Amino acid sequence: MGVHGLTTYLREKKRLLSATTVLSSSAKNSVPVVVDGWSFIYDLYQSSNLPWVYGGEYVEFVRLVKNVVESWIKVGLQVYFVFDGACPDLKFPTVVSRLNQSHVQPAQLFFRTSTSSRSTGRFLNETRILPPLAYSACIYALETLRPTTDGLELHFADEEGDPYAVELAGRLGGYVIGNDSDFVILNSDGYRGYIPLDEMVWQTPLQEDIEPVNNDDADFQTVRKPKAKRKAVHNPQNLGGLLPPENTEELSLSFISYSPETLAKQLNIPASLLPLFGALVGNDFSKESESNSRKIQALFFERQLTLTQRIDKVASTMHSVVSPGTPRRKARHQVGSVMDLIDRTVNALLSRLATTMGSGEIEAIVDKIVNATLQYAIPKYGGDVTGREGLWATSVCALHDPEACSILPMISHNVMLQAEKSDQADPNLLEAREKYLDAYRSGLLSPKSMDILNTGSSWARLFLEHPDVETVGRSIGRPIREWIYTILDDTVGLPTAEIAADSTTGDKAVKGTNVDEESDDDELIDVVESDDEDSPVRTDFLAPLKGELHRLHAEDSSEDEATEPPASIISHRSLPTSPPVVTDYLRRGTRIASETVDVKPLSMMLSSISLFDYADENAPPLVLRSKEDRFTIFLRILQSDISSVRQLPSETVLAVLAVRWVVNILHLRWQETGSKEREKERWRKNEARSFLSSFTWASSDITGAHHLKSDPPPIEDRNIQLTAQVLMAMDTIEQLAQTLLLTERAPSNAHQLSGKAFHGLLTGAATFTPSLPNGVWDTTEMGLSDAFQPEPTKKTKKSKADKAVPVVPSKVKGSKANAPSQGLFALLGDIDA
């Protein structure tokens, strides 16, 4: 992740670029660190060697999350977790490519490998897929730990988490911990640098050598052999990775950090040009789509260049453009604008292909580099209060003013559309928007929902499933997601086609204006910084680019006369005439493909579940209805509106609803076609009971190896598909509950699930006898008795005594039917006779 090859470059230049820091639990340290949440989840699950193929060991994962964070706080770290928000559309090609590499291809390899080979530890480690509920389990662990300490905070970014994390670290005067080299490209005032997760090493104190003790009353003395005769023993006191040593009171943590200023000095370019450097070398935003045959970085670099050589080439090219060698050349070719800098650098990198490319192709590459560079832009903090006290100036955002925060436009589509037609405020819409904002900032609204609100895109969490069957994201998850789309559209609105068209026009305007205004160099230079009169002038080349785009947005706003209205002129009901569309990104065969889904009106969806009274046009948004009304809608959507569900303990609701949903959906699919394949897909009762028994409410120690006859349990294709189905149901139902603000009635219970226990019960490898809470199984089975597949009948082998003795008939002369078997020559003899 991050800039291509930069992680390798940092490792090769570690002695020149890094600084080492050691923290100890005995010292009174206080070092703020901002942790990239997703890097932490991936690295911790990988380094812990927890089984993944069974669907996830979330009980143990929660324990490890708490252990690591508590140990960090113990050595003096103030921990601030940052999780990504909505993914920008510019990053979609990168996300699709990563999903293909990290989910689709490993699953295809898994099911194309023999059962014995794919069960080995080496194979499972090389094809590892992150379990889909790891995010929910991690959030639960952190939220559980947060009230017990002052050294932990959780932040959910407005959009991409990397700029938010660096900006937060700058405000706190701390570091960023992660596995993304973008953290050494991004920069802000007060930012101390980037700490790679694999560069953190735990240290425990060495045991002191015991000196011989002389006792006058004793007849013997303990003597130690000379050191020269000792064997070299591996020092176990240095432990790399996230997991701290156990049962140790005294801890020390050593880590290596890289700062943007040190990297810029090594590359011999200004630190303000690192974003442009990252875009030219190649980052997550400059990646072309897989269908594009001309890759940008393939045009910049010769094929034989290594990653480090590519970085050196871009740095030297940028340095030659910014600081020409001779004064005469500098006078003739002085860079007057940031667009001039980008254009000259791109043309210099394309010099070997200049005769084979047209001007339009080069302009398209320049535009791509500009957009990729702008993703690194971080606004400068204008306040006076630093540290934790300077955060959360308003309830909208911890870092930005409301008018500068990018999250408000995501949840204000209906607001913007209505503001042009009415000057009357609708308090219902304002309240609904505030509820969604508070839920997201508290971690109670999934970032997947923010993707829908921001770009109209939906990304179902994929896991191991058979590549030859329809993906569970479509068969199990889509009917629920369609409800999520409708509820979000009714409450705060979804991006419409008109908005998308305007953004495209805006991009064209940026491109055209850049060309028209490029000759006016003086107007584009916005910021010139100097330390004193004797110091050389340092130009912030990224500031003019940001200033230019700000002016372009201002021009567009003045032409359309449609700026974001204040909250006092907002109303609720005036939706766009064209229905919104959501793009679903799902697995199709052996690749990730996009599918468009029309968002249906709320009145139509409510009528489909026989809630006609709720479909009144003058009714408030669903999230403002009473909790009981919302829970009724929730159960009707999942076809489980029965009284026994309402009486279940809250911790069991989501799991029971997930099983009921999967069983019912697969039964309906079989009834539609009557095919044998879909009949085999249906669940059996013992499978449903086994899943419900895989939570901690059924047994307090379901993850213990002593509860399994064979550890790990056997891996069977059907059980893998069952796991994929029910995990998709749990994840999607949890998102639906968050959309309806029902997390108290149907909270996430991923932290109680053990996939290994589920497979152990399915294969008969489990030795424990689970005990389900009262009413759980009766509620699960209610109304679905015919939806389950009959249990397979076991074929019993007959004993030798029970086998019938064959009766040998008496030989009849001339009867060939009763004749004993003869050889070939005997048959030929009969023919001759």
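From a predicted model like this one, the values you see are computed outputs, not experimental measurements.
- In this structure, Ile715 and Ser119 approach most closely via the heavy-atom pair CD1-OG, 4.1 Å.
- Annotation for Met782 and Arg660: closest pair O-NH1, 2.8 Å, computed over non-hydrogen atoms.
- Val35 has its side chain out of reach of Tyr80: every pair of non-hydrogen atoms, C-beta onward, lies at least 4.5 Å apart.
- A side-chain donor-acceptor contact under 3.5 Å links Arg630 to the backbone of Leu741.
- Although no hydrogens or angles enter the test, the distance criterion places a donor-acceptor pair under 3.5 Å between the side chain of Glu57 and the main chain of Lys756.
- Taking the charged nitrogens against the carboxylate oxygens, Glu791 and Lys685 have no contact shorter than 4.0 Å, which rules out a salt bridge.
- A side chain to side chain donor-acceptor pair (under 3.5 Å) with Arg481 holds for exactly one of Thr486, Thr739, Asp584, Thr732; it is Asp584.
- Contact check on Asp468 versus Arg112 returns a salt bridge, with a Lys/Arg side-chain nitrogen under 4.0 Å from an Asp/Glu carboxylate oxygen.
- Judged by distance alone, with hydrogens and angles left aside, the side-chain atoms of Thr149 form no donor-acceptor pair with the main-chain N or O of Leu145 at under 3.5 Å.
- Between the side chain of Gln735 and the backbone N or O of Ile484 there is no donor-acceptor pair closer than 3.5 Å.
- Asn125 CG: more than 12 foreign heavy atoms inside a 6.0 Å radius.
- A donor and an acceptor atom, one from each side chain of Ser754 and Tyr54, are nowhere located under 3.5 Å apart.
- In this structure, Arg118 is positioned above the aromatic face of Phe111, its NZ or CZ under 6.0 Å from the six-membered ring centre and within 45° of the axis.
- Residues Pro131 and Phe463 share a closest heavy-atom pair of CA-CE1, 3.8 Å.
- For the pair Leu50 and Tyr58, the minimum side-chain heavy-atom distance is 4.5 Å or more.
- For the pair Ser446 (side chain) and Lys448 (backbone), a donor-acceptor distance under 3.5 Å is present.
- A salt bridge does not link Lys66 to Glu70: none of the charged nitrogens lies less than 4.0 Å from a carboxylate oxygen.
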Inset, instruction - Determine, stepwise, if the pair Thr94 / Lys91 fulfils side-chain contact (heavy atoms from CB on, under 4.5 Å). - result: CA-CA 5 Å; Thr94 298; Lys91 197 176 179 179; 4.2 Å; yes
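- Annotation: cation-pi pair Arg678/Trp670 absent, no NZ/CZ under 6.0 Å from the ring centroid and within 45° of its normal.
- Taken from CG in Leu464 to CZ in Arg128, the straight-line distance is 12.5 Å, to the nearest 0.5 Å.
- Nearest heavy-atom pair across Arg587 and Pro467 is NH1-O, 3.2 Å.
- Cation-pi geometry between Arg745 and Phe631 is met: the NZ or CZ atom falls under 6.0 Å from the ring centre, inside 45° of the normal.
- At a cut-off of 3.5 Å, with distance as the only test, no side-chain donor of Ser449 or Gln738 sits close to an acceptor on the other residue.
- Taken to the nearest 0.5 Å, the CZ atom of Arg122 stands 12.0 Å off from the OG1 atom of Thr127.
- At least one side-chain heavy atom of Leu692 sits under 4.5 Å from a side-chain heavy atom of Trp777.
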Inset, instruction - Output, in order, the C-alpha distance, side-chain angles, deciding distance and verdict of side-chain contact (heavy atoms from CB on, under 4.5 Å) for Phe92 and Trp459. - result: CA-CA 10 Å; Phe92 283 4; Trp459 305 80; 3.6 Å; yes
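- Between Trp683 and Leu784, every side-chain heavy-atom pair lies at or beyond the 4.5 Å cut-off.
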Inset, instruction - Please test Leu242 against Phe40 for side-chain contact (heavy atoms from CB on, under 4.5 Å), starting from the C-alpha separation and ending with a verdict. - result: CA-CA 9 Å; Leu242 286 176; Phe40 175 82; 4.0 Å; yes
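- For Asp451 (side chain) and Cys87 (main-chain N/O), a donor-acceptor pair under 3.5 Å exists by modelled atom type.
- Between the side chains of Glu465 and Thr471, a donor-acceptor pair is found at a separation under 3.5 Å.
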Inset, instruction - Start with the C-alpha distance between Phe156 and Trp38, add both sets of side-chain angles, then the distance that settles ring pair (Phe, Tyr, Trp, His ring centres under 6.0 Å), and finish with yes or no. - result: CA-CA 12 Å; Phe156 298 88; Trp38 275 109; over 10 Å; no
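- For an aromatic pair to be called close, the ring centres must be under 6.0 Å apart, and Tyr42 with Trp52 fails this.
- No donor-acceptor pair under 3.5 Å is formed between the side chain of Gln752 and the backbone N or O of Phe695.
- Side-chain contact between Glu628 and Arg646 is present, with heavy atoms from C-beta onward closer than 4.5 Å.
- The only option from Leu44, Asn49, Asn67 that meets the side-chain contact (heavy atoms from CB on, under 4.5 Å) definition with Leu243 turns out to be Leu44.
- Nearest heavy-atom pair across Glu651 and Asn749 is O-ND2, 2.8 Å.
- In this structure, the side chains of Ser748 and Thr743 stay at 4.5 Å or more apart for every pair of heavy atoms.
- At distances below 3.5 Å, at least one donor-acceptor pair connects side-chain atoms of Tyr440 with backbone N or O atoms of Ala157.
- By the 4.0 Å N-to-carboxylate-O rule, Arg684 lies close enough to Glu687 to be salt-bridged with it.
- Nearest approach of Thr779 to Ile642, heavy atoms of both residues: O-CD1, 4.0 Å.
- Under a 3.5 Å cut-off, the side chain of Asn100 and the backbone N or O of Ile592 do form a donor-acceptor pair.
- For the pair Leu722 and Asn719, the minimum side-chain heavy-atom distance is below 4.5 Å.
- For the residue pair Ser114 and Ser117, a side-chain donor N or O sits within less than 3.5 Å of a side-chain acceptor on the partner.
- Not a single donor-acceptor pair under 3.5 Å links the side chain of Trp661 to the backbone N or O of Ile480.
- Atom CD of Gln671 is surrounded by more than 12 heavy atoms from other residues, nucleotides or ligands within 6.0 Å.
- When only modelled atom types and interatomic distance are considered, Thr144 and His751 share no side-chain donor-acceptor pair under 3.5 Å.
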Inset, instruction - Dump the intermediate steps for side-chain contact (heavy atoms from CB on, under 4.5 Å) on Leu77 and Leu253, then the final yes or no. - result: CA-CA 10 Å; Leu77 296 181; Leu253 178 64; 3.9 Å; yes
